[in-house]
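Okay, so here's the structure we're looking at.
In each ligand, atom 1 is the first atom listed, and ligand 1 is the first ligand listed.
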Amino acid sequence: MLEYQAIIIGTGQAGPALARRLAAAGWQIAVIERKLFGGTCHNTGCTPTKTLIASAYAAHVARRAADYGVNIGGRVSVDMKAVKARKDAVVGPSPNGIERSLKALRGCTVYQGHARFVGPNEVEVGEAVLKANKIFIDVGGRALVPPIPGLDQVPYLTNSSMMEVDFLPPHLIVLGGSYIGLEFAQAYRRFGSEVTVIELASRLIGREDEDVSQAVADFLEEEGVDIRVDTKVLRVEKQGGDIVVAVESGGKKTQIVGSHLLLAIGRRPNTDDLGLDAAGVATDQHGYIPVDDELRTNVPGIWALGDCNGRGAFTHTAWNDYEIVAANILDNDPRRVTDRILAYALYTDPPLGRAGMTEAQVRQSGRPALVATMAMADVSRAREKGETQGFMKVLVDAQTKQILGASLLGTAGDEVIHCIIDVMYAKAPYTLLQRAMHVHPTVSEWVPTMLEDLMPLR
Ligand SMILES: Cc1cc2nc3c(=O)[nH]c(=O)nc-3n(C[C@H](O)[C@H](O)[C@H](O)COP(=O)(O)OP(=O)(O)OC[C@H]3O[C@@H](n4cnc5c(N)ncnc54)[C@H](O)[C@@H]3O)c2cc1C
């Protein structure tokens with residue numbers, strides 16, 4: 001039995017940072033990783049997808065070169081092997097760097113293998129049994145594989161296997177019209193694939209306001225992505241070189257035929273093979289580990305951080321989990337999960353920057369509110385860049401004047417959203433932002449301007 005002060009399972013977003021803090025505080029710790037150091041974000045999530053999206057953007061702009069007075073002289077073509085090589089080169093250094101830095105940490109022992117609880121304080125990895133009074137679970141999640149008839153007989157792709165694709169799928173069928181599915185859909189359309197997105201719900205990205213969903217659907221369709229909402233998949237099968245998806249929509253049964261199938265209908269936490277029963281750690285019906293406001297599980301001495309606790313599904317929420325745990329354990333600083341404000345982005349082009357409540361949520365809350373919107377076509381910076389799709393929307397509490405939420409769908413929306421987020425964290429009235437002098441010409445300079453036009457939300 002090998003004894004440590006703490007064991008960290010998983011080296012995604014929260015694990016390595018916590019390991020560095022604990023080791024710096026003089027703790028003897030063990031870190032366990034079963035596969036890729038750096039987890040989803042570095043290897044099969046954020047970094048590689050945004051790198052692919054950058055290649056797709058370059059292809060898109062190249063095709064639009066004439067709009068900018070630039071002659072390309074010939075057809076724009078995409079070399080998928082080079083696209084993958086660029087992605088690999090951008091991703092490459094991070095996982096190695098994380099592995100090296102953990103192995104070099106004083107007081108930290110790194111184990112490579114699958115971790116499984118064998119008791120409340122004990123974790124088995126390979127032949128070794130490790131013991132600690134404090135155990136931090138950061139095991140993340142993986143693509144959800146739904147029980148669709150025939151799926152077990154058909155080759156399919158997930159966000160992980162997409163990372164090995166170095167060819168152009170002639171026709172990519174994407175199951176799922178949400179964040180991950182739409183990013184891949186647009187990127188592959190721009191690479192040159194035919195792309196069909198199948199979504200069960202009546203609209204894409206159903207958590208967003210209807211006007212946001214519609215605007216995203218509009219620009220994707222304009223680029224030639226075939227979007228099928230309200231469409232239920234009945235079964236899938238392989239016919240020769242094709243993948244045939246039998247669907248039902250509006251009571252009508254049809255088939256969608258493609259060359260490749262990507263599953264992007266959700267994630268499931270990596271908690272099913274962790275031996276949680278042996279430790280007495282509870283999970284909910286989806287396998288997420290319920291935690292309190294300081295990320296403690298139901299078992300004293302065991303915490304759950306990152307995607308596996310169901311309190312966030314982003315790199316920044318996993319990182320924030322690390323900060324909360326470190327602050328409470330090491331700094332006597334009572335940080336809480338409920339202190340954070342919902343924020344994320346969808347990295348289509350144009351991107352969607354989101355903070356706080358949607359308009360639908362504000363309406364549902366019944367509070368008096370104000371709303372301001374501005375079309376990106378009215379934003380001079382967007383016109384200068386030739387990227388005028390989308391709109392910005394900000395919601396404000398009519399009484400407190402605090403910002404309740406924002407949806408910024410437009411060029412630089414993923415960056416501009418931070419001026420909103422920071423004012424929300426400051427709990428300052430929107431007038432603070434309205435009176436700030438922003439730099440010209442930027443998209444951000446229009447946020448104070450649009451706030452001049454706040455109207456009651458009817
Ligand atoms: C395609 C895609 C795109 C994304 N894009 C974005 C984005 O743009 N922005 C954003 O904020 N988020 C994005 N995300 C989400 C983001 O990647 C995750 O929220 C983030 O990686 C979660 O980090 P984590 O620490 O919870 O777990 P993970 O990063 O998933 O890491 C968990 C680690 O634990 C290891 N592990 C699991 N079980 C065991 C075990 N039993 N023993 C040992 N090790 C184990 C795994 O091998 C893995 O390395 C994206 C996700 C996907 C799939």
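- Of the protein's non-hydrogen atoms, the one nearest atom 37 (C) of ligand 1 is V139 O, 3.2 Å.
- Among all protein heavy atoms, the one lying closest to atom 21 (O) of ligand 1 is C41 N, 3.3 Å.
- When H42, R34, E33 are checked for heavy-atom proximity to atom 47 (O) of ligand 1, E33 turns out nearest.
- Heavy-atom separations between R267 and ligand 1 include at least one value shorter than 4.0 Å.
- Heavy-atom contacts of K50 reach the following atoms of ligand 1: 5 (N), 6 (C), 7 (C), 8 (O) (cutoff under 4.0 Å).
- At under 3.5 Å, not a single nitrogen or oxygen of G306, backbone or side chain, sits near a nitrogen or oxygen of ligand 1.
- Contact check for F37 versus V110: side-chain heavy atoms found under the 4.5 Å cut-off.
- Set against the non-hydrogen atoms of A313, the atoms of ligand 1 under 4.0 Å away are 15 (C), 19 (O).
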Would you give me the side-chain donor-acceptor pairs under 3.5 Å for residues 145-153, sequence neighbours excluded?
none

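- Looking from atom 25 (O) of ligand 1 to the surrounding protein, the closest heavy atom is D138 OD1, 2.6 Å.
- R354 places a side-chain N or O within donor-acceptor distance of the main-chain N or O of G356, the cut-off being under 3.5 Å.
- In this structure, the protein non-hydrogen atom closest to atom 4 (C) of ligand 1 is C46 N, 3.6 Å.
- Considering only heavy atoms from C-beta on, C308 stays 4.5 Å or farther from D138 through its side chain.
- Across the listed options T315, D307, N43, T315 owns the non-hydrogen atom lying nearest to atom 10 (C) of ligand 1.
- Of all atoms in ligand 1, listed by their number and element, those nearer than 4.0 Å to a heavy atom of G12 are 25 (O), 28 (P), 29 (O), 31 (O), 33 (C).
- Residues D88 and K84 form a side-chain contact, since some pair of their non-hydrogen atoms from C-beta on lies under 4.5 Å apart.
- F136 has its side chain out of reach of I29: every pair of non-hydrogen atoms, C-beta onward, lies at least 4.5 Å apart.
- Residue, atom and distance of the protein heavy atom nearest to atom 2 (C) of ligand 1 are G45 CA, 3.5 Å.
- Remark: among candidates D273, L274, N159, the nearest residue to atom 53 (C) of ligand 1 is N159, based on non-hydrogen atoms.
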Kindly list each side-chain donor-acceptor pair under 3.5 angstrom involving residues 114-122, sequence neighbours excluded, with atom names and distances?
{"unit_1": "H114", "atom_1": "ND1", "unit_2": "R34", "atom_2": "NH1", "d": "3.2"}
{"unit_1": "H114", "atom_1": "NE2", "unit_2": "D273", "atom_2": "O", "d": "2.6"}
{"unit_1": "R116", "atom_1": "NH1", "unit_2": "D273", "atom_2": "O", "d": "3.3"}

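- The contact set between ligand 1 and T49, taken as ligand atoms under 4.0 Å from a residue heavy atom, comprises 1 (C), 3 (C).
- Among A343, A115, G140, G15, the residue whose heavy atom lies nearest to atom 27 (O) of ligand 1 is G140.
- For D272 and R142, the salt-bridge test passes: some basic side-chain N is under 4.0 Å from an acidic carboxylate O.
- By the 4.0 Å N-to-carboxylate-O rule, E294 lies too far from R335 to be salt-bridged with it.
- Considering L175, I180, L157 as possible partners of L263, the one that fulfils the side chain to side chain contact (heavy atoms under 4.5 Å, CB included) test is L175.
- Of all atoms in ligand 1, listed by their number and element, those nearer than 4.0 Å to a heavy atom of Q13 are 23 (O), 24 (P), 25 (O).
- Close approach of ligand 1 to G141 is summarised as follows: ligand atoms under 4.0 Å from at least one heavy atom of the residue are 30 (O).
- The six-membered or imidazole ring of Y188 lies away from that of H260, with a centre-to-centre distance of 6.0 Å or more.
- Salt-bridge check for R340 with D321: passed, with a basic side-chain N closer than 4.0 Å to an acidic carboxylate O.
- Under 4.0 Å from ligand 1, the heavy atoms of I180 that appear belong solely to its side chain.
- Of the candidates D321, L305, T271, T40, it is T40 that places a heavy atom closest to atom 29 (O) of ligand 1.
- For the 3.5 Å distance criterion, the side chains of E99 and N96 fail to qualify, holding no donor opposite an acceptor.
- Looking at Y179 and E208, their side chains do bring a donor and an acceptor atom within 3.5 Å of each other.
- In this structure, G113 has a heavy atom closer than 4.0 Å to ligand 1.
- The contact set between ligand 1 and G39, taken as ligand atoms under 4.0 Å from a residue heavy atom, comprises 29 (O), 31 (O), 48 (C), 49 (O).
- Under 4.0 angstrom from ligand 1, there are no non-hydrogen atoms of Y179.
- Heavy-atom proximity to L36, at under 4.0 Å, picks out these atoms of ligand 1: 49 (O).
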